[in-house]
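Notes follow the structure.
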Amino acid sequence: MPMEPLICADTATRVSSVLNRDVKQFGKKHMFDTNEETCWNSDQGTRQWVALDFPRTVKVSQLHIQFQGGFSSRLCTLEGCRTGEELVKISDLYPDDTNAMQISFATLRAGFQVEETALDKLKITFENSTDFFGRIVVYHLRVLGERL
């Protein structure tokens with residue numbers, strides 16, 4: 001079955017924080033709008049995160065993420081679960097501190113990888129920011145796989 005984007009209008013999204021609480025300029029919606037000029041910008045602090053609650057069970061195969069260089073994370077932890085269950089760790093990702101789109105594949109053996117798992121909820125935790133104040137800036141976030 002071909003991979004398809006899993007984030008849709010019915011996907012509930014939450015984030016740890018928004019810079020100065022300015023959701024109009026830096027809100028979570030900007031990670032998904034495909035506009036090169038907009039982004040989600042977290043406020044300062046440790047362990048920023050993005051949580052996705054899919055409208056139906058999915059199997060995640062790829063994660064595409066584009067940070068602003070200098071505001072990325074050295075370590076990202078992916079957690080997921082089915083509805084009614086507790087989050088469990090799926091993978092650790094080690095993205096580069098760059099402006100480039102970074103793509104994880106479920107089939108990779110090292111580096112930026114995602115373990116294929118059927119889930120209803122996905123949480124991406126940015127464990128340690130490359131920014132001194134702990135801010136994270138994400139221009140694009142896509143999750144691909146299949147709907148079950």
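Just so we're clear, the structure is a prediction, and the values are computed from it rather than from any experiment. In what follows, every heavy atom counts, from backbone to side chain, and hydrogens, waters and symmetry copies are set aside.
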Next on the checklist: Tell me if a side-chain donor or acceptor on Asp33 pairs with a main-chain N or O of Asn35 at a distance below 3.5 Å.
Outcome noted: yes
Item to check | Check: Thr77 side chain, Thr125 main-chain N or O, donor-acceptor pair, under 3.5 Å | outcome: no
Item to check | Main-chain N/O of Asp43 paired with Ser17 side-chain donor or acceptor, under 3.5 Å | outcome: yes
Item to check | Where at least one partner belongs to residues 127-136, residue pairs that pass salt bridge (charged side-chain N to carboxylate O under 4.0 Å, His left out), sequence neighbours excluded | outcome: Arg47-Glu127, Asp131-Arg135
Checklist entry - Out of Met31, His30, His64, Gln66, which one pairs with Leu141 under the side-chain contact (heavy atoms from CB on, under 4.5 Å) rule? => result Met31
Next on the checklist: In the structure I gave you, are the side-chain heavy atoms of Phe26 and Val18 within less than 4.5 Å of one another anywhere?
Outcome noted: yes
Next on the checklist: Check whether Arg147 reaches the backbone of Arg56 with its side chain - one donor and one acceptor, N or O, closer than 3.5 Å.
Outcome noted: no
Checklist entry - Nearest heavy-atom pair of Gly80 and Ile90: which atoms, and what distance? => result N-CD1, 3.4 Å
Item to check | Closest approach of Cys81 to Leu119 (non-hydrogen atoms, all atoms of both residues) | outcome: O-CB, 3.5 Å
Checklist entry - Would you say Asn20's side chain and Asp22's backbone share a donor-acceptor pair under 3.5 angstrom? => result no
Checklist entry - Is it true that the NZ or CZ of Lys28 lies under 6.0 Å from the centre of Trp40's six-membered ring and within 45 degrees of the ring axis? => result no
Item to check | Side chain proximity check, Lys123 to Leu78, heavy atoms < 4.5 angstrom | outcome: no
Checklist entry - Is a side-chain N or O of Asp97 found less than 3.5 angstrom from the main chain of Gly70, in a donor-acceptor match? => result yes
Checklist entry - Has the side chain of Thr11 got a donor or acceptor atom that lies under 3.5 Å from a matching backbone atom of Cys8? => result yes
Checklist outcome for this item: d(Phe71 CZ, Asn99 CG) to nearest 0.5 Å is 10.5 Å
Checklist entry - Any side-chain heavy-atom pair from Arg74 and Thr130 closer than 4.5 angstrom? => result yes
Item to check | Rounded distance [0.5 Å steps], CZ in Phe67 versus CD1 in Ile136 | outcome: 6.0 Å
Checklist entry - Does a donor on one side chain and an acceptor on the other come within less than 3.5 Å for Gln48 and Ser129? => result no
Checklist outcome for this item: Separation between SG (Cys76) and CG (Leu63), nearest 0.5 Å, reads 8.0 Å
